[in-house]
Amino acid sequence: MEKDLKEIASHFDTDAPVISVNPLGEGFINDTFVAATDKGSRYILQRKNSAIFKDVPAMMDNIKRVTDHLKRKISEAGGDPMREAMTIIPTRDGALYYKNGDDYWAMSLFIENTRSYTAATDPSLAYQGGKGIGLFQRLLSDFTEPLADILPGFHDMRFRLIQWDEAVKADKAGRVASLVEEIGWIEARRDRMMEFWKMVESGVIPRRVTHNDTKISNILFDTDGEVLCVIDLDTVLSATALNDFGDSIRSYANTGEEDDKNLDRVSMSLEMFRGYTAGYLSQAGDFLCEAERDNLAFSALFITYEQVLRFLMDYIDGDTYYRIKYPDHNLVRTHAQYKLLRSMEEQYEAMRRTVGEELSGR
Ligand code: GN1
Ligand code: MG
């Protein structure tokens, strides 16, 4: 395996020969490795999941155009484009990916001397994360060339509910009969979720270039705690900015793990919510329209609901999408995310108030 991985890495335009390749991180979708050269330089090597990303070339083209734009803007503002944005490393033939059999591989520069987290440890970290995503969206607010829609229907509630209805009907893994209560959680909220989604469909809530997978592990922080760089750009798409905000809250403000078996640990921390909101608005406050501001708090409920739906749907389908570590992992994830959703619902008025305070305090 190591030998094959080195062979794969050798196709990319690294500054020196790669001498080792080791696994990194815990992604649910792609396989990620660190490749090191005999000069000491390091690179991220990824096998993209082509069952999920059906058009890896178009995805890599999106990422390249977005990172080029970010780098231009970062340089103009006097920042360091090699540390504050991802750098895609092409193959020696100048392609953005290397195809080996059915597998697509891509490489980027490893950004040294950074910190990453799987959970927010204090509100100032949440503030920095919010600032990072707000800045990411702001720097891309003048990116006007269309991006390829490489994941049709990704955060589209109408599409997700169609998929959901089909999954429940097909009952591929024979699990539906045991999931009456969980299925009820989805059904009870579908109208409210569609009410929100219709505002996106009608354009009342605009589409922008957004990240679409803003959990805390997808941001690198500097060693002094400042936000540095947004990574994992596979899902960069034209979508609502609220998806990014909501998905961040789902991640930063959860007092437990995404797949916590101990539901007593899971709740939404209003303090983390405030921290993230303040950081996000420090960058995004000026470009968000009225309807976006008004729905910031709701977007956290929306994306958490979507995540309950996606984990449960994958469990119903027989675990074909998300990588699982044990047989009922997707059901455990479903329960943990539902507990988080309930906690958000209980605190919804306080969340709205907090957004209002942070907006007026700017
Ligand atoms: C997946 O692969 P990873 O961990 O970055 C998923 C996200 C989910 C997330 C749940 C393309 O992200 O949408 O929110 O898991 N990515 C895709 O943690 O489906
Ligand atoms: Mg991802």
Side-chain angles (χ1 to χ4, degrees), residues 23-33 44-56 58-60 62-63 66 86 104 106 108 116-120 129 132-133 136 147-157 159-160 163-164 167 210-220 229-240 242-254 256-260 266 299-315 317 319-325 329-341 344:
L24 175 80
E26 297 239 324
F28 296 176
I29 310 281
N30 298 319
D31 299 303
T32 308
F33 303 88
I44 298 286
L45 178 66
Q46 252 191 347
R47 177 176 29 218
K48 301 292 185 181
N49 185 326
S50 51
I52 289 174
F53 300 112
K54 303 269 196 273
D55 191 347
V56 176
M59 174 172 90
M60 293 308 300
N62 280 353
I63 298 175
V66 162
M86 276 180 69
Y104 286 87
S108 60
S116 67
Y117 299 84
T118 52
I133 293 298
F136 180 84
L147 287 170
D149 186 7
I150 51 108
L151 281 174
F154 189 55
H155 283 309
D156 176 329
M157 191 51 72
F159 172 80
R160 288 294 178 194
Q163 266 191 329
W164 164 260
T210 54
H211 183 279
N212 295 294
D213 189 7
T214 49
K215 57 185 170 190
I216 189 168
S217 54
N218 282 337
I219 283 209
L220 299 179
C229 179
V230 179
I231 56 171
D232 186 7
L233 302 185
D234 292 355
T235 51
V236 168
L237 293 165
S238 169
T240 157
L242 297 178
N243 289 340
D244 285 357
F245 180 84
D247 205 21
S248 300
I249 300 306
R250 184 182 76 77
S251 160
Y252 287 77
N254 188 351
E257 304 288 329
E258 188 181 63
D259 59 352
D260 222 309
V266 178
S299 72
L301 281 67
F302 178 82
I303 285 287
T304 307
Y305 171 86
E306 185 195 279
Q307 198 63 65
V308 177
L309 184 155
R310 289 175 66 197
F311 284 147
L312 183 55
M313 185 162 71
D314 197 30
Y315 186 69
D317 283 342
D319 311 308
T320 55
Y321 188 94
Y322 290 111
R323 184 174 296 151
I324 54 169
K325 288 189 182 156
H329 200 171
N330 273 320
L331 187 60
V332 169
R333 287 167 170 154
T334 302
H335 280 251
Q337 291 289 289
Y338 180 66
K339 175 75 197 300
L340 181 63
L341 175 61
M344 288 174 177

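Being a predicted model, the structure only gives us computed values, none of them experimental. Order of appearance sets the numbers: ligands from 1, and atoms from 1 within every ligand.
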Between M344 and L301 the two heavy atoms that sit nearest each other are CB-CD1, 3.7 Å

Just jot down the ligand 1 atoms closer than 4.0 angstrom to any heavy atom of [X], in number order.
X: R250; value: 10 (C), 14 (O), 18 (O)
X: Y321; value: 11 (C), 17 (C), 19 (O)
X: D232; value: 5 (O)

Short question: side chain of D314, backbone of Y322 - any donor-acceptor pair under 3.5 Å? yes

State whether a side-chain donor-acceptor pair under 3.5 Å links Y315 with R333. no

So, regarding R310 and ligand 1 (criterion: nitrogen or oxygen to nitrogen or oxygen, under 3.5 Å), is there a contact or not? yes

Polar atom proximity, E258 to ligand 1 (N or O, under 3.5 Å): yes

How long is the gap from CG on L341 to OG1 on T334, to the nearest 0.5 Å? 12.0 Å

Among N49, D234, D213, N212, which one puts a heavy atom closest to atom 7 (C) of ligand 1? D213

Residues two or more places apart in sequence or in another chain: which of them pass ring pair (Phe, Tyr, Trp, His ring centres under 6.0 Å) with H211? F136

For Y338, all residues meeting ring pair (Phe, Tyr, Trp, His ring centres under 6.0 Å), sequence neighbours excluded: W185

What part of R333, side chain, backbone, both or neither, has a heavy atom within less than 4.0 angstrom of ligand 1? neither

